[in-house]
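Got a structure for you, written out below as structure tokens; questions coming shortly.
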Amino acid sequence: MPTTLSSNFSNNITEFVVNEGNGVKGLSELGLKTLPKQYIQPHKERITTSTIIVDDSIPIIDISNWDDNNPKSCEKICDAAENWGFFQIINHGIPLEVLDTVKAATYRFFRQSAEEKNKHSKENSTTNNVRYGTSFTPQAEKTGEWKDYLSLFYVSDEEAAALWPSACRDEALEFLRNSEIVIKKLLKALMKGLNINEIDQTKESLLMGSKRINLNYYPKCPNPELTVGVGRHSDVSTLTILLQDNIGGLYVKKLDSNSWVHIPPIDGAIVINIGDALQIMSNGKYKSIEHRVMANGCNNRISVPIFVNPKPNDLIGPLPEVVKNGEKAIYKQVLYSDYVKHFFRKAHDGKETVDFAKIN
Ligand SMILES: CC(C)(COP(=O)(O)OP(=O)(O)OC[C@H]1O[C@@H](n2cnc3c(N)ncnc32)[C@H](O)[C@@H]1OP(=O)(O)O)[C@@H](O)C(=O)NCCC(=O)NCCSC(=O)/C=C/c1ccc(O)c(O)c1
Ligand SMILES: O=C(O)CCC(=O)C(=O)O
Ligand SMILES: [Fe+2]
């Protein structure tokens, strides 16, 4: 097995990783001793101990006794959304078996040959709703991110049966189905915090009219300190429901600071974060916070986020109930698909995406 790259191979990294569909998983499995230069991030993007704080953590909220008469859990959710933008939920009711099987399915998908996975690449896929890729936007990035992914946009069970890869389709659908009750409970609590006590069908569709599930694979990395698994970004979703494995490495920026806090893996827990769409709809009350993932020198890591979104054709802006009390709108109305395209067409750049919707 080669341990360093021949200059010829190095020149052809993009060909091997991106075009042939080997991904960074393929690179990792060559047994490289040093990180290819294409993945060396500028200093300011690396995750260093000097910016990490260890004596703080995002809230962990037990939602087992959750019902409408329990304002305490509702308050905790809204406080976390305002002050952290991130929290973990435990005793959420999604069976552990569902979580374990979608993790196993993620490994099953990525274990397949490059040829099989690459049938779902941007170039080869017969649909825009299924995409296998690597890094974030290789066409627009100066430096690569050490991650491969499969992204599945949910339209219907029938479409998924026809188009999603069989290695992970049923398990991804099962996770989506089981997350539905939790998503509705969280949105109900978050709307209460905005004095919206009734979620009618129009509002439900605006908050959770479309879903995307990603399977992320972060292979073991030589020189993990020089690169990132995922660079600084905030999600463009309403809410993200994130399942991580037991490896760790996800960091979230502490509000109004330059410090980063680790999100420790907790067996059976799910990480929840507010996305840009809800920051915009709440006129900035709920925070869509920057986060990033450290690469790992010893272990492969996987994660499975469900992005809960408006529908592509929805107009999003501060909700009428939020601005009706004379509050000044800080965001304008934007077409959600324009917002998402703006996000996908550039490299990760922290919180810059939301400027697209700001009133200047
Ligand atoms: C996403 C779109 C806009 C795609 O619509 P479509 O008609 O297919 O547009 P398109 O013109 O083909 O695609 C627009 C661009 O996005 C890129 N793109 C589309 N899907 C993806 C994807 N899953 N991953 C990366 N890029 C994508 C395309 O490659 C296009 O770029 P370019 O080729 O013009 O350079 C549509 O489905 C939509 O509006 N969806 C709304 C719901 C939604 O998907 N919301 C996003 C939630 S995802 C979210 O919040 C976070 C995601 C994330 C974070 C960190 C990562 O590292 C990461 O990989 C992903
Ligand atoms: O892998 C993780 O823990 C986070 C991934 C992430 O932020 C994303 O896919 O948007
Ligand atoms: Fe994210």
Side-chain angles (χ1 to χ4, degrees), residues 18 24 58 85-86 88 103 106 120-123 125 127-141 144-155 206-218 228-253 262-265 269-279 288-296 300-316 334-351 353-354:
V18 183
V24 283
I58 64 165
F86 264 82
Q88 305 214 51
K103 284 191 262 186
T106 301
H120 308 287
S121 71
K122 182 178 171 179
E123 284 68 32
S125 183
T127 167
N128 264 346
N129 295 340
V130 176
R131 168 160 322 181
Y132 164 68
T134 186
S135 193
F136 181 59
T137 42
Q139 322 83 322
E141 287 163 338
E145 298 181 354
W146 199 258
K147 181 190 88 168
D148 301 330
Y149 70 88
L150 175 73
S151 183
L152 303 165
F153 185 70
Y154 178 80
V155 173
L206 182 66
L207 293 167
M208 54 177 291
S210 81
K211 296 201 189 88
R212 179 183 289 281
I213 180 164
N214 281 11
L215 311 184
N216 293 326
Y217 191 97
Y218 306 89
V228 292
V230 178
R232 288 180 304 115
H233 71 284
S234 61
D235 294 348
V236 291
S237 52
T238 304
L239 276 186
T240 304
I241 313 294
L242 174 80
L243 174 64
Q244 62 168 335
D245 66 10
N246 60 359
I247 301 300
L250 172 60
Y251 289 82
V252 50
K253 198 164 182 192
H262 187 234
I263 302 191
I270 290 181
V271 177
I272 306 291
N273 63 283
I274 306 298
D276 294 353
L278 190 53
Q279 174 170 319
S288 168
I289 295 288
E290 268 178 76
H291 51 286
R292 54 183 174 173
V293 175
M294 203 184 248
N296 191 304
N300 303 316
R301 174 177 185 268
I302 56 164
S303 70
V304 185
I306 295 176
F307 302 103
V308 180
N309 316 301
K311 284 203 164 72
N313 281 332
D314 283 330
L315 273 179
I316 62 161
V334 293
L335 186 69
Y336 186 57
S337 63
D338 285 347
Y339 191 86
V340 176
K341 283 182 196 179
H342 174 67
F343 171 69
F344 277 144
R345 283 186 178 149
K346 56 181 175 51
H348 280 141
D349 55 0
K351 282 292 297 173
T353 320
V354 82

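Numbers here simply count residues along the sequence, with the first being 1. Note: hydrogens, waters and symmetry copies are ignored here, and every other heavy atom, side chains too, is used. We count ligands from 1, going down the list as the structure has it; atoms in each ligand are counted the same way.
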Point to revise | Minimum side-chain heavy-atom gap L315-V334 below 4.5 Å | key: no
Exercise for review: Starting from atom 44 (O) of ligand 1, find the nearest protein heavy-atom neighbour and note its residue, name and distance.
Suggested key: R212 NE, 2.8 Å
Check your understanding: How close does the nearest protein non-hydrogen atom get to atom 5 (C) of ligand 2, and which residue and atom is it?
Key -> Y218 OH, 3.4 Å
Study note, to complete from the structure: for atom 9 (O) of ligand 2, nearest protein heavy atom and its distance come out as N216 ND2, 3.2 Å
Point to revise | Structural part of Y149 in contact with ligand 2, heavy atom criterion under 4.0 angstrom | key: neither
Review point. Which value, rounded to 10°, describes the NE2(H233)-the Fe ion (ligand 3)-OD1(D235) angle?
Key: 90°
Exercise for review: Select the closest option to atom 7 (O) of ligand 1 among D148, N313, N129, N128, judged by heavy-atom distance.
Suggested key: N128
Check your understanding: Does any N or O atom in D235 lie less than 3.5 angstrom from one in ligand 2, N or O only?
Key -> yes
Practice item. Check ligand 2 against R301 and write out every atom of the ligand that is under 4.0 Å from a heavy-atom position of the residue. Key: 1 (O), 2 (C), 3 (O)
Exercise for review: Indicate yes or no for a side-chain donor-acceptor contact from E145 to the backbone of G231 under 3.5 Å, with no hydrogens or angles considered.
Suggested key: yes
Review point. Do the side chains of S210 and Y154 get nearer than 4.5 Å, heavy atoms only?
Key: no
**Study point:** Which residue and heavy atom of the protein sit nearest atom 35 (O) of ligand 1, plus the separation
**Key:** R345 CG, 3.8 Å
**Study point:** Option whose closest heavy atom lies nearest to atom 41 (C) of ligand 1, chosen from F307, Y336, Y149, Y132
**Key:** Y336
Check your understanding: With backbone taken as N, CA, C and O and side chain as the heavy atoms from C-beta onward, which portion of D235 lies under 4.0 Å from ligand 1: side chain, backbone, both, or neither?
Key -> both
Exercise for review: List the steps, then state whether side-chain contact (heavy atoms from CB on, under 4.5 Å) holds for V252 with I263.
Suggested key: CA-CA 7 Å; V252 50; I263 302 191; 3.8 Å; yes
Review point. What part of V236, side chain, backbone, both or neither, has a heavy atom within less than 4.0 angstrom of ligand 1?
Key: both
Point to revise | Evaluation steps, side-chain contact (heavy atoms from CB on, under 4.5 Å), between T353 and H342 | key: CA-CA 7 Å; T353 320; H342 174 67; 3.8 Å; yes
Exercise for review: Distance to 0.1 Å, residue and atom name: give those for the protein heavy atom nearest to atom 43 (C) of ligand 1.
Suggested key: N309 ND2, 3.5 Å
Review point. Are any of the side-chain heavy atoms of N273 and I289 separated by less than 4.5 Å?
Key: no
**Study point:** Geometric N/O contact R131 with ligand 1, under 3.5 angstrom
**Key:** yes
Review point. Is it true that H291 lies under 4.0 Å from ligand 2, counting heavy atoms only?
Key: yes
Review point. In terms of residue, atom name and distance, what is the protein heavy atom nearest to atom 21 (C) of ligand 1?
Key: F344 CE1, 3.7 Å
Review point. Which residue and non-hydrogen atom of the protein lie closest to atom 40 (N) of ligand 1, and at what distance in Å?
Key: P312 CG, 3.8 Å
Check your understanding: Is there a heavy atom of H348 sitting under 4.0 angstrom from any atom of ligand 1?
Key -> yes
Study note, to complete from the structure: for atom 4 (C) of ligand 2, nearest protein heavy atom and its distance come out as V293 CG2, 3.7 Å
Review point. Can you check whether V230's main-chain N or O pairs, donor with acceptor, with H348's side chain at less than 3.5 Å?
Key: no
Exercise for review: Taking atom 4 (C) of ligand 1 as the reference point, report whether a protein heavy atom occurs under 4.0 Å from it.
Suggested key: no
Point to revise | For ligand 2, the portion of F307 having any non-hydrogen atom under 4.0 Å away | key: side chain
Point to revise | Note, Y339 side chain near V236 side chain (heavy atom, < 4.5 Å) | key: yes
Review point. Among H291, H233, K211, K147, which residue places a heavy atom closest to atom 56 (C) of ligand 1?
Key: K147
Review point. Just by distance, do the side chain of D245 and the backbone of I247 share a donor-acceptor pair under 3.5 Å?
Key: yes
Practice item. For the residue pair S151 and R212, confirm or rule out a side-chain donor-acceptor distance under 3.5 Å. Key: yes
Review point. Side chain, backbone, both or neither: which part of R292 comes within less than 4.0 Å of ligand 2 when only heavy atoms are counted?
Key: neither
Exercise for review: Could you tell me if any non-hydrogen atom of N214 lies under 4.0 Å from any atom of ligand 2?
Suggested key: no
Check your understanding: Between N214 and ligand 1, which residue portion shows a heavy-atom distance shorter than 4.0 Å: side chain, backbone, both, or neither?
Key -> side chain
Practice item. Run the numbers on N216 and S303 for side chain to side chain donor-acceptor pair (under 3.5 Å), then give the verdict. Key: CA-CA 5 Å; N216 293 326; S303 70; 3.1 Å; yes
Review point. Do N309 and S237 get their side chains close enough for a donor-acceptor pair, meaning under 3.5 Å?
Key: no
Point to revise | Residue-ligand contact S210/ligand 1, heavy atom below 4.0 Å | key: yes
Check your understanding: Can a non-hydrogen atom of Y339 be found less than 4.0 Å from any atom of ligand 1?
Key -> no
Check your understanding: Quick one: does K351's side chain get under 4.5 Å of D276's, heavy atoms only?
Key -> yes
Review point. Between Q244 and R301, does a side chain to side chain donor-acceptor pair (under 3.5 Å) hold up when you go through it step by step?
Key: CA-CA 8 Å; Q244 62 168 335; R301 174 177 185 268; 3.0 Å; yes
Check your understanding: Heavy atom under 4.0 Å from ligand 2: found in T240's side chain, backbone, both, or neither?
Key -> neither
Check your understanding: Looking at H291, which of its N, O or S atoms is the nearest one to the Fe ion (ligand 3)?
Key -> NE2
Review point. Would one find an N or O of K147, backbone or side chain, under 3.5 Å from an N or O of ligand 2?
Key: no
Practice item. Among all protein heavy atoms, pick out the one at the shortest distance from atom 8 (C) of ligand 2; state its residue, atom name and that distance to 0.1 Å. Key: H233 NE2, 3.8 Å
Practice item. Would you check if the distance from the ring center of H291 to the ring center of Y251 is below 6.0 Å? Key: no
Exercise for review: Evaluate the criterion ring-ring contact (aromatic ring centres under 6.0 Å, His included) for residue pair F136 and F343; output intermediate values, then yes/no.
Suggested key: CA-CA 10 Å; F136 181 59; F343 171 69; 5.1 Å; yes
Review point. Should S337 be counted as touching ligand 1, given the test is an N or O pair under 3.5 Å?
Key: no
Check your understanding: Looking only at distance, does K122 have an N or O less than 3.5 Å from an N or O of ligand 1?
Key -> yes
